[in-house]
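One structure below.
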Amino acid sequence: MLYTTFAHLLILCNLSAFGQIYFEKQIIVSSFLNDLNKEQYAAVTAPDGPSMVIAGAGSGKTRVLTYRIAYLLNKGVDPFNVLALTFTNKAAREMKERIIKLIGNGDARNVWMGTFHSVFARILRFDGSHLGYPSNFTIYDSDDSKRLIRQIIKDKDLDNKTYNPSYVRARISMAKSSLILPDNYGSDAEIMATDTAARKPLISEIYAAYNNRLRRANAMDFDDLLLNTYLLFNNFGEVLYKWQRRFQHILVDEYQDTNHVQYMIIKKLASNNEHVYVVGDDAQSIYSFRGANIQNMLNFKSDYPDYKLFKLQQNYRSTKTIVEAANKIIANNKEQIKKTVWTDKEKGQKIGLVRATSDSEEGNLTAGSIFEIKMREQQPNSAFAVLYRTNAQSRSIEEALRKRNIPYRIYGGLSFYQRKEIKDLLAYFRLVINNNDEDALQRAINTPARGIGKTTMERVMVAADQHNISLWEVINNVEKFNLGINSGAMRKLAAFATMIKSFEVVVKNKDAFDAAQHIAIASGLLKMYKDDDAIESMSKVENIEELLNSIKDFSEKGAEQAEGDLEGQGTFHEFMQNVALLTDADDDDDENNDKVILMTIHAAKGLEFPYVFVVGMEENLFPSMQSVSTRTDLEEERRLFYVAVTRAMKKVTLSYAETRYRWGEFTVGEPSRFLEEVDEDLLDIPKKASVGRERDFRQSEKSTTSPPMHFQKRNLKPVENNSQSFEASNTSDLQVGMQVVHPKFGTGKVVAIEGTGPNKKAAVFFPVVGQKKLLLRFAKLKVL
DNA sequence: TCCGATCTATTTTTT
DNA sequence: ATAGATCGGA
């Protein structure tokens with residue numbers, strides 16, 4: 001069920017009911033504190049003032065945080081006064097579960113636990129009115145934002161290549177998370193210098209228009225949830241005071257990933273008593289692209305001079321081999337807080353290294369290896385995770401796992417909520433909640449087709465701009481405006497408005513599920529997909545039904561736990577409040593969780609798996625092409641690699657492919673520089689004298705040494721392409737003009753040769769696929 | 001206005 | 001490769 005966790009989105013768990021009997025309480029407390037090592041104990045029982053816990057990978061970070069909360073409550077702190085901020089809903093949920101395990105479940109739920117975004121969205125629903133927002137504001141996700149920005153760029157007749165919507169959105173996001181409003185954006189010399197240098201001097205105008213349109217739509221984007229909370233606290237002392245009194249104790253998880261606004265909000269909230277407790281690991285900061293700033297960690301000292309610092313350095317997760325390898329990797333970074341992560345676990349298995357000739361072979365080898373270990377070690381599927389840099393890489397892995405009938409679960413990528421059919425239906429829901437939601441209106445108005453076309457909508461938009469009112473206000477009073485459209489179009493617009501208003505009545509009078517189902521049917525959306533006999537439409541109908549089912553689930557669950565609770569009535573409105581903040585990772589299909597996990601390394605942060613496969617260890621992929629030019633970016637990629645390796649408990653396997661299907665064509669890649677940073681002694685590769693700084697795996701494939709058994713075995717697995725049997729020639733004296741045969745591309749003619757030594761490349765023209773540039777070290781070419 | 005054909009951007013990571 | 005946007009004809 002998709003929304004089983006919805007009710008937990010803002011986890012308000014009352015822990016005050018635990019240990020009604022003093023005696024019992026003592027036992028519980030002493031026993032739970034016994035679970036901790038010395039450092040953890042010190043951190044958990046720290047005095048009330050500002051504290052920072054630097055927690056190495058696998059050192060029990062979540063444990064300390066949860067025990068800390070339990071400890072506070074035990075000391076007599078009112079759970080109502082505790083706020084715990086996390087980065088993902090999943091983390092919040094897990095923490096809540098662990099606290100319940102520790103000290104039992106209560107029935108009122110007063111510890112606020114949730115993501116920055118969901119907690120602040122909630123605060124803004126209470127108090128956003130001070131800033132002029134009604135409590136029913138819509139949250140625009142990145143897609144919605146991008147659509148709006150694209151529209152503004154078009155309206156302004158700007159070239160959408162120069163003003164790439166994604167780029168513009170990123171700039172605006174950056175500004176918002178640095179507390180820079182449109183007015184200040186244009187006058188900020190540094191920003192304008194960057195924009196001018198990028199030949200995009202008008203971003204400041206787009207930003208202003210964008211914010212204006214968001215306002216008009218009564219909508220906030222993700223960054224607004226933070227920025228507006230800050231503005232609220234900054235400009236309205238009494239509001240700040242109220243929340244300060246409410247949150248006497250603030251705990252922040254993954255502090256290294258907070259950005260400037262988040263930092264400022266925490267600072268404001270904590271400014272009265274400084275009971276702020278942050279936990280993080282600078283080595284795992286991987287979100288600077290989103291404005292996260294390690295500086296927040298480094299500055300903690302100057303912000304709170306009398307702070308207490310705790311370092312957790314014992315890793316309980318991984319083998320010595322893994323911990324050692326990870327330490328070596330991260331040691332290559334200059335910027336870091338000094339610490340030594342260690343473990344007293346066994347040495348364990350070496351880190352596997354797999355070379356594949358192509359991405360599909362990489363998938364096969366990975367799947368084969370999973371199968372093999374699964375059988376040999378009797379492991380469940382869920383013991384395995386395949387991690388990659390980009391979502392696009394999941395495909396080859398998926399295919400291979402499917403071929404072997406290994407069940408898998410994929411996180412990220414096109415999430416359920418981003419699917420077109422889901423967005424379509426949600427658009428109606430959103431419009432019912434907030435008529436001014438323009439993105440929703442534009443989506444819904446002609447889906448299914450109602451004969452309200454481009455021209456009509458353009459006229460409506462012109463009128464809306466003229467009066468600076470929302471599209472809805474124009475459509476709902478269509479006769480009051482001189483739109484210059486024919487009576488047929490006017491009638492259609494009015495009919496649409498009437499329909500939406502009828503939905504509002506339904507929502508008021510029926511429960512969430514009935515209302516949602518009514519809308520899906522009466523809007524004609526469900527019929528539209530049912531009537532369409534394209535193959536994809538079937539799954540679209542299924543997805544819509546799944547969404548409806550999850551609403552049913554939500555409304556039933558909500559009703560159960562409704563007594564005396566501030567939320568959880570299971571109403572349609574509640575359902576819609578945080579939909580934009582939900583991601584795929586938030587659903588638990590509890591029925592069958594025994595699946596291999598596929599996800600990006602980013603998504604894997606905070607998780608652990610016995611066996612981890614990191615695929616795509618290639619230059620320009622990991623580290624990504626964009627990040628190799630500056631040290632800061634490269635160091636972030638390295639931290640990402642560190643995160644990937646430290647997810648594993650028993651064994652890490654790294655793999656790379658010599659060719660990869662990217663951008664719709666074959667690309668030839670070379671092994672990632674990060675592979676060289678893994679200590680050779682910890683790596684399971686064929687042993688052979690190294691040549692210079694070149695490693696064995698960098699050498700040509702004509703190695704005479706046999707690879708280790710399991711490696712060999714995997715390589716012998718049948719691979720459908722014929723590259724195995726293809727006999728390559730020595731290409732060291734390849735000349736321009738020679739005819740060559742490539743196993744995939746067929747016969748071609750060498751048109752140029754460049755580079756020397758291991759970097760020697762040949763440009764070859766193949767009549768079938770066109771000209772390709774091949775790195776001779778890898779390309780299997782037969783000279784004719 | 002609708003529909004199909006063609007063009008185009010997309011691939012870094014996410015709340 | 002692929003989905004979405006755009007364009008042109010009916």
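Numbered from 1 within each chain, the chains take letters A, B, ... in sequence-line order.
- Distances shorter than 4.0 Å separate none of the side-chain N or O atoms of A/S627 from OP1 or OP2 on B/dT12.
- Under 3.5 Å, the side chains of A/K146 and A/S166 contain a donor-acceptor pair of N or O atoms.
- A salt bridge is absent between A/R169 and A/D221; no separation between the charged side-chain nitrogens and carboxylate oxygens falls under 4.0 Å.
- Using a 4.0 Å heavy-atom criterion, one finds that A/F622 contacts no nucleic acid atom at all.
- Whole-Å rounding puts the A/L226 CG to B/dT15 C1' distance at 8 Å.
- A straight line from NZ of A/K90 to C1' of B/dT15 spans 15 Å, rounded to a whole angstrom.
- In terms of phosphate contacts, A/S118 brings no side-chain nitrogen or oxygen within less than 4.0 Å of OP1 or OP2 of B/dT15.
- Looking at residues two or more places apart in sequence or on another chain, you find a side chain to side chain contact (heavy atoms under 4.5 Å, CB included) between A/T229 and A/F120, A/L124, A/F233, A/I265.
- Backbone-only contact: A/R395 has heavy atoms under 4.0 Å from sugar-phosphate atoms and none from a base.
- Among the candidates A/N211, A/N228, A/D223, the single residue satisfying the side-chain hydrogen bond (donor to acceptor under 3.5 Å, both in side chains) test with A/K176 is A/N211.
- If you find the closest nucleotide of DNA chain B to A/F87 and to A/G453, the one lying nearer the 5' end belongs to A/G453.
- Both A/K454 and A/K420 lie near DNA chain C, and the one whose nearest nucleotide falls closer to the 5' end is A/K420.
- Side chains of A/S145 and A/Y210: a donor on one and an acceptor on the other come within 3.5 Å.
- At a threshold of 4.0 Å, the pair A/D144-A/K423 counts as salt-bridged, since one of the basic side-chain nitrogens sits closer than that to a carboxylate oxygen.
- In this entry the distance linking CG of A/L607 with P of B/dT14 reads 13 Å, nearest Å.
- For A/R389, the side-chain atoms get nearest to B/dT13 when compared with the rest of B/dT15, B/dT1, B/dT13.
- Salt-bridge formation is detected for the pair A/D253/A/K61: a Lys NZ or Arg NE/NH1/NH2 atom is positioned less than 4.0 Å from an Asp or Glu carboxylate oxygen.
- A/Y411 carries A/K90 over the face of its six-membered ring, with the cationic atom under 6.0 Å from the centre and within 45° of the normal.
- Side-chain proximity of A/T88 to the nucleotides B/dT15, B/dT14, B/dC2 is greatest for B/dT15.
- Rounded to whole angstrom, the span from the CD atom of A/Q442 across to the C1' atom of C/dA5 amounts to 14 Å.
- In the set B/dT1, B/dT15, B/dC2, B/dC2 carries the atom at the smallest distance from any side-chain atom of A/N446.
- Among the atoms of the strands shown, none is found under 4.0 Å from any heavy atom of A/N620.
- Phosphate proximity of C/dA1 to A/Y661: present, with a side-chain N or O under 4.0 Å from OP1 or OP2.
- The residue A/F116 sits apart from the nucleic acid: no heavy atom pair falls under 4.0 Å.
- Atoms CZ (A/R147) and P (C/dA5) sit 7 Å apart, rounded to a whole Å.
- Stacking between A/F289 and B/dT13 is shown: the ring centroid lies under 5.5 Å from the centre of the six-membered base ring, and the planes differ by under 30°.
- At the phosphate of B/dT13, OP1 or OP2 sits under 4.0 Å from a side-chain N or O atom of A/N391.
- Under 3.5 Å, the side chains of A/D424 and A/Y529 contain a donor-acceptor pair of N or O atoms.
- Rounding to whole angstrom units, NZ of residue A/K176 and C1' of B/dT14 are separated by 16 Å.
- Out of B/dT12, B/dT14, B/dT1, the shortest distance to the side chain of A/T456 is found at B/dT1.
- Atom CZ of A/R419 is separated from atom P of C/dG4 by 12 Å (rounded to the nearest Å).
- Rounding to whole angstrom units, NE2 of residue A/H602 and C1' of B/dT13 are separated by 4 Å.
- Looking at heavy-atom distances under 4.0 Å, A/S142 makes contact with a base.
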Which protein N or O atoms sit under 3.5 Å from an N or O of nucleotides 9-11 of chain B?
residue, atom, partner, partner atom, Å
B/dT10, OP1, A/N164, ND2, 3.0

